[in-house]
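Notes follow once the structure below has been shown.
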There are 2 protein chains.
Amino acid sequence: MSRPEPAEVPGRRQTRQRSAVLALLDELEGFRTAQDLHALLRERGEPVGLATVYRALQALVDDGLVDVLRSEGLADGGAAYRRCSPVHHHHLVCRSCGRTVEVADPPVERWAARVAAEHGFADVQHQLEVFGTCAACAAAR
Amino acid sequence: MSRPEPAEVPGRRQTRQRSAVLALLDELEGFRTAQDLHALLRERGEPVGLATVYRALQALVDDGLVDVLRSEGLADGGAAYRRCSPVHHHHLVCRSCGRTVEVADPPVERWAARVAAEHGFADVQHQLEVFGTCAACAAAR
DNA sequence: CCTGTTCATGAGAATCATTCTCGCACGGCG
DNA sequence: CGCCGTGCGAGAATGATTCTCATGAACAGG
């Protein structure tokens, strides 16, 4: 109950671990699981606790700096994270190599809002992910 | 209103438990978790093992008779299942009561295919879910 | 209808990702 | 410089899903 700042970004403390997580995400191109990121950090000689990685990722998601993916497009049971631009967008993800392209789509935004309104739904939000096999992976196969 | 003749798939045995799961799903309108369905079945006096519910649901998903939802729009950590029409469609889900409306959207289909093609992606598939608060729930609040 | 083979079932254990607990260390500010 | 509160880390706890394996039911052939 001693929470000074509710939903705003309270001055997140700058720590070595948090910076390391963000820096790592900046270098990676596809979605990675928390466990994955944790393993990568240790390999790099950045000892970070697993719980800390989860905490950092949640904070980053809350701050809108990272996107999370829970679809079955990847391995089951694991949420995947990726550094993203803060503006609303969707993802085109390679099923095979995980490479991701951010795409915007104004028409879908409008469509979602309209359809929701037609059915009496308010406070609308939506999720759209497109999966496929990228050119490189298709060629390799 | 709907034919009581579920698509029987070769190699799939018809058992009391499997029928019970499918019958239950036919009556429910929203997405339910596996644990939820398990509890409901026991209440109805249909003793079914939890593992069996999971197996039945997976089989139904494989056969395309049931849709699965893994988004964070609902209860945390749990996949939700729902009886669905076999044709491609998307869902408009009430965040509060779980009521679901199936919606079709040809424009999005075309858009997804086009965007994927532009980036060299093949074998495309997509997922789109819209969450909101339905009229009834908004009024109740 | 009867019987054998095979696959499904069920109870509980195992697995796996994620979250929580709690004592300790460190960042930031006075 | 020293305090206060937040972040950290290791391991335990949680909770959903999957696996194991002995038993029983479903279908096919006789």
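Every chain is numbered from 1, with letters handed out A, B, ... down the list of sequences.
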Worksheet entry | Presence of salt bridge, A:Arg83 and A:Asp26, under 4.0 angstrom |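 Looking at A:Asp26 and A:Arg83, the cut-off is met.
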Worksheet item: Would B:Val115 end up clustered with B:Val124 when hydrophobic side chains under 4.5 Å apart are linked, directly or stepwise?
Response: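 Linked within one cluster.
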Practice prompt. Look at the side-chain heavy atoms of Ile, Leu, Val, Met, Phe, Trp and Tyr, link any pair under 4.5 Å apart, and say whether A:Val103 and A:Val68 land in one connected group.
Written response: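 Not linked; separate clusters.
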Worksheet entry | Nucleic acid footprint by protein, nucleotides 2-10 of chain C - heavy-atom cut-off 4.0 Å, B for base, S for sugar-phosphate alone | ----BBSBB
Worksheet item: How long is the gap from CZ on B:Arg70 to CG on A:Leu69, to the nearest 0.5 Å?
Response: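 Taking CZ in B:Arg70 and CG in A:Leu69, the distance rounds to 11.5 Å.
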Practice prompt. Please go through B:Val87's hydrophobic cluster and name the other residues, only I, L, V, M, F, W, Y counting, with side-chain heavy atoms under 4.5 Å joining them.
Written response: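 None; B:Val87 is a cluster of one.
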Worksheet item: So does B:Tyr54 get a side-chain nitrogen or oxygen closer than 4.0 Å to the phosphate oxygens (OP1/OP2) of D:dT18?
Response: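 For D:dT18, OP1/OP2 do not have a side-chain N/O of B:Tyr54 under 4.0 Å.
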Euclidean distance, atom [atom1] of residue [X] to atom [atom2] of [N] [Å, nearest integer]:
| X | N | atom1 | atom2 | result |
| --- | --- | --- | --- | --- |
| A:Asp63 | D:dG7 | CG | C1' | 15 Å |
| B:His38 | D:dT17 | NE2 | P | 13 Å |
| A:Gln14 | D:dG5 | CD | P | 22 Å |
| A:Leu37 | C:dT18 | CG | C1' | 14 Å |
| B:Asp36 | D:dT17 | CG | P | 11 Å |
| A:Leu57 | D:dG7 | CG | C1' | 15 Å |

Worksheet item: Is A:Arg44 reaching over with its side chain to a backbone N or O of A:Ala20, donor-acceptor style, under 3.5 angstrom?
Response: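 No.
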